[in-house]
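Written out below as structure tokens is the structure these notes cover.
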There are 2 protein chains.
Amino acid sequence: MKAGLNGRVATLVGDSPLNRAGKLALADSLKTQVTEILKEKIFAGALKPGDALREMHIAREYSVSQATVREALLQLEQLGLAVRMANRGTIVTKLTPQDVRDRLEIRSELDPMACIKASAKLTEDDFAYLERLAKEISKDYKTPNYNFYETSQIDFQFHRYIWQRSGSPVLCATLEQVTLPLFAFIGLLRQVGVEERRTGDPHKPIIEALRSGKARQITQVVRAHFENSYNHFIESNSDDLQAVIEGRR
Amino acid sequence: MKAGLNGRVATLVGDSPLNRAGKLALADSLKTQVTEILKEKIFAGALKPGDALREMHIAREYSVSQATVREALLQLEQLGLAVRMANRGTIVTKLTPQDVRDRLEIRSELDPMACIKASAKLTEDDFAYLERLAKEISKDYKTPNYNFYETSQIDFQFHRYIWQRSGSPVLCATLEQVTLPLFAFIGLLRQVGVEERRTGDPHKPIIEALRSGKARQITQVVRAHFENSYNHFIESNSDDLQAVIEGRR
DNA sequence: TTTATACCGATTACCGATAATCGCTTGACA
DNA sequence: TGTCAAGCGATTATCGGTAATCGGTATAAA
């Protein structure tokens, strides 16, 4: 099985100051490898909302046992990317517009909280890393027909890194769980051209606000950042949006 | 294996308007049964923070396979009651005072949010149920040497029911995950007499605020409710507290 | 045609056993 | 005596197979 530790995203994620401090990434368990592969497929759109995730099929595909796949699917569920129904099976999460709104509302409270905590702790190393990520994202935005799902993963890593630096593991974990599906499925929206193109570098203001250390400014900038990205969700409820989110094709 | 569907707590939880609307509680899977038993033991203090949860031992004890126990432990971890370390094993969560503070801070943002959403939807049936729970809790407080862990479970059910009624599954799940460990381990504090005795019925004001439907009042009352309960955590950092939380005996 | 029911294929749930891994001990060696 | 690596016991990780369960379908009765 390919370990899934290659590619631009893995490099950027693995080369964070947090990881550099520790030792090199140790070999993951089979369960985690399967989870990573499925996660990647969901981000890439190879697995769409509503798609069935059958344990034996996946087990055969990657030459692992059903038990290993089961645990991977449990992990996926915990990440919010899959839904398990007892005795029925597992499918890729189908986000409803209301669900998206709910997740954004939670994020709008917790993300600023985490950023404020982090701003007091971020070092120059951290800022350098964040700027590197921001530059990658910005570069992608300027490229026509880029792999949006890669950008989305880097985007997630940008925010997640700040959350990790908040010093509150539980806050970080909560934000990860609540927002990961948003990052995972935003790629689908791009496919139908729903999301408007950003101008400039949307993460620059966040970095500046974090540098300023001013709580009010951070809150304002952070909320504006993602509320802008998901505007169409908050406002609209159109059928094609619904269709994309629910995985109809 | 005892199904764990007996006792006062199970009756109160199972007899909610939400459950009454549906069909009777269907038989849980073995995995869930094991999870429930372990959860019960943690609430009751039979399993203390730091205690090892060995898969084969538990499997033998309840005559189930190791795989079933593994999945139960994964569920426990997702509930925040256990911590798994790859290749090392699983232990009952050891909350640090800082962790408690972090969880309370998150709750102080999300709990009011959920309560405000719920207040618009609660029916008389709901209020009747909440008042019934509140009465049970209040009754316990007046009883010397009561089973605090039972009260704690009912307390959790009281809040959880409101969260469920918020209409946001994601918000409810998040609050459950963040706060369950707080409810589970508060029983330990009682053992050393740290928590002050409450006067009157602490949940009455919440019900009244929910009835009023006023966002500001709800926020104020809800925050006061649990910030009062955990005051010693927020303020103190004494060694005996630490000892209790970390499971030293 | 409608409804109830027994069966069937596909899939999940669970099991018992083996392989891999970890921390710790032991003992050779400087 | 201190150090380090091989070996050991306990435990987790993974496997392959069996049992239980579900939805759907074919069949039969009304």
Side-chain angles (χ1 to χ4, degrees), chain A residues 1-5 22-39 47 50-79 81-94 247, chain B residues 1-5 22-39 41 47-48 50-79 81-94 247:
Chain A
M1 179 191 307
K2 56 175 178 179
L5 281 171
K23 59 272 171 187
L24 65 161
L26 62 157
D28 276 327
S29 65
L30 282 177
K31 168 182 68 174
T32 304
Q33 287 181 51
V34 173
T35 306
E36 287 300 318
I37 290 174
L38 294 176
K39 186 161 86 175
L47 286 170
D51 280 1
L53 299 169
R54 295 194 186 85
E55 298 173 358
M56 275 310 295
H57 294 198
I58 297 170
R60 274 192 291 268
E61 182 171 4
Y62 300 112
S63 305
V64 297
S65 76
Q66 186 203 2
T68 302
V69 174
R70 271 178 78 80
E71 292 191 12
L73 292 182
L74 287 173
Q75 248 180 251
L76 263 194
E77 184 182 38
Q78 211 227 337
L79 294 174
L81 299 182
V83 177
R84 286 174 61 79
M85 293 158 299
N87 293 315
R88 297 283 318 281
T90 307
I91 61 171
V92 178
T93 298
K94 295 191 282 189
Chain B
M1 180 190 306
K2 54 175 179 179
L5 280 171
K23 58 273 170 188
L24 66 162
L26 62 156
D28 277 326
S29 65
L30 282 178
K31 168 181 69 174
T32 303
Q33 287 181 50
V34 173
T35 306
E36 287 299 319
I37 290 175
L38 294 175
K39 186 162 86 174
K41 280 195 167 185
L47 287 171
K48 293 197 163 45
D51 280 1
L53 299 169
R54 294 195 186 84
E55 297 173 359
M56 275 310 295
H57 293 199
I58 297 170
R60 275 192 289 268
E61 182 171 4
Y62 300 113
S63 305
V64 297
S65 76
Q66 186 203 0
T68 302
V69 175
R70 271 179 77 80
E71 292 190 13
L73 292 181
L74 287 173
Q75 249 181 250
L76 263 194
E77 183 182 39
Q78 212 227 338
L79 293 173
L81 299 182
V83 177
R84 286 174 60 80
M85 293 159 299
N87 292 315
R88 296 284 317 283
T90 308
I91 61 171
V92 178
T93 299
K94 295 192 283 188

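To find a chain, count down the sequence lines: A is the first, B the second, and so on, and within it residues start at 1.
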Starting from C1' on D:dT21, measure out to CG on B:L30 and report it in whole angstrom.
-> 13 Å
Between C:dA10 and A:H57, is there an OP1 or OP2 to side-chain N/O distance shorter than 4.0 Å?
-> no
Rounded interatomic separation in angstrom, taking CG from A:L73 and C1' from C:dT11 = 12 Å
Between the CG atom in A:L81 and the CG atom in A:L47, the distance rounded to the nearest 0.5 Å is 10.5 Å
Is there a donor and acceptor pair closer than 3.5 Å between the side chain of A:Q66 and the base of C:dA13?
-> yes
In whole angstroms, the gap separating P of D:dA20 from NZ of B:K31 amounts to 18 Å
Starting from C1' on C:dT11, measure out to CG on A:N87 and report it in whole angstrom.
-> 9 Å
Short side-chain N/O contact from A:S65 to OP1 or OP2 of D:dC15, under 4.0 Å = yes
B:E71 CD - D:dT12 P separation (whole Å) | 15 Å
Phosphate-side-chain proximity, B:R88 and C:dC22, N/O vs OP1/OP2 below 4.0 Å = no
Does A:R70 put a side-chain nitrogen or oxygen below 4.0 Å from OP1 or OP2 of C:dA13?
-> yes
Assert: residue with more 5' nearest nucleotide on DNA chain C, out of A:E55 and B:A67, is A:E55
Grab the CD-P distance between A:E77 and C:dT12 for me, whole Å please.
-> 13 Å
Taking only side-chain nitrogens and oxygens of B:T90, does any of them come within less than 4.0 Å of OP1 or OP2 of D:dT12?
-> no
Whole-Å distance between D:dG9 P and B:M56 CE?
-> 18 Å
For A:L53 and C:dT11, give me the distance from atom CG to atom P, rounded to whole Å.
-> 13 Å
